[in-house]
Amino acid sequence: MKLGIVGKGGVGKTTLSSLICQTYADRGQRVVAIDTDSNPNLAMSLGLDEDTANHAPLVPRSLVVGGGDGTLTPAALLTEYGLRTPIGVTLLHAMRVEQAGAGCTCMSHATVRSLLGMAMEEEADVTLVDMEAGLEHLSRAGGTLAYADVLLMVMEPTRKSILTAARTVPLAEELGIPRMYGIGNKARLPADAEFYEKVCAEQGVTLAGVVPFDTAVPIADRGGVGLAMGQVPEVREAVSRILDVVDSEEEQRLAVERQREKLRRHIATISG
């Protein structure tokens, strides 16, 4: 499965990405995480130190986008450029901005798109992409997440954040991503859970679950470290329940039915 994690800046994408990776790894899954943020921080959330994170090798754009010499297999890619994290997740860095005026990152986004188009399932049961903030990656470079199976839209308890998720849905549908879910983050229960349910229903965002606020999360962020095992048990339980929804065979079946219905409507429109 190939997961894309998106949302407005500051909603907690990177922390949730690391917790999703940890949950899948704890379930015995082989996990590859791809950090596409131009200011990458996923490495530290996955337990690597700051120096290792800052000097992580970047996947060369030419190798993936241009096809290289035809010998770059997923296994070779992960061996050469992957960082093994303390929790067993392999991390790839796809971009980093280190110089002012260096130009746009479109080619780096194309690299990520190519990575997701590779046969990563040979080496990973789950490939997770932690995207930079905003919506541009859904149109840039042919749609960075065009090969994603599931899009998780992280939200904080504000109407603007949920509206961003709602705007994401038609873009993702246009790319052909079969399943999209909102994740309500930083929730002070029960009021914020009720807010998420109400506004997501109004805006047509399918809510997979709500993650409660925990003071340990911003404390870890300020310290530049990942969450230790055993910390934030209620947060971890909420993430686990959300992934149960994502992994549900019924949800996958419904996604196929939705795609078929969309195709039927498209054919009917063309016919007449």
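Residue indices begin at 1 and follow the sequence shown.
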Under the salt bridge (charged side-chain N to carboxylate O under 4.0 Å, His left out) test, residues paired with Asp125 that sit two or more places apart: Arg30

All salt bridge (charged side-chain N to carboxylate O under 4.0 Å, His left out) counterparts of Asp49, not counting sequence neighbours: none

Stepwise side chain to side chain contact (heavy atoms under 4.5 Å, CB included) check, Val211 with Ile183: CA-CA 7 Å; Val211 179; Ile183 297 178; 3.9 Å; yes

Met153 and Lys8, any side-chain heavy atoms less than 4.5 Å apart: no

CD (Glu237) with more than 12 external heavy atoms under 6.0 Å: yes

Flag if over 12 foreign heavy atoms under 6.0 Å of CD, Glu202: yes

Cationic N near anionic O, under 4.0 Å, Glu194 to Lys198: no

Counterpart residues, salt bridge (charged side-chain N to carboxylate O under 4.0 Å, His left out), relative to Arg188 (two or more places apart): none

Contacts of type side chain to side chain donor-acceptor pair (under 3.5 Å), residue Thr14, not counting sequence neighbours: Asp130

Heavy-atom pair with the smallest gap, counting every atom of Ile162 and Cys200: CG2-SG, 4.0 Å

Residue that, paired with Leu3, satisfies side-chain contact (heavy atoms from CB on, under 4.5 Å) out of Leu151, Val129, Val246: Val246

Side chain proximity check, Leu91 to Tyr81, heavy atoms < 4.5 angstrom: no

Any Val32 side-chain heavy atom under 4.5 Å of Leu92 side chain: yes

Arg84: partners by side-chain contact (heavy atoms from CB on, under 4.5 Å), with sequence neighbours left out: Thr90

Within-4.5 Å side-chain heavy-atom neighbours: Ile34 and Thr36: yes

Short side-chain to backbone donor-acceptor contact, Ser161 and Met155, under 3.5 Å: no

Taking every non-hydrogen atom, the tightest pair across Val210 and Ala187: CG1-CB, 3.2 Å

Side chain to side chain, Leu243 and Arg27, heavy atoms closer than 4.5 Å: yes

Contacts of Val245 that satisfy side-chain contact (heavy atoms from CB on, under 4.5 Å) - sequence neighbours left out: Tyr181, Ala208, Glu251

Modelled atom types, side-chain donor and acceptor of Arg236 and Gln231, under 3.5 Å: no

Distance-only donor-acceptor check, side chains Tyr196 and Asn185, under 3.5 Å: no

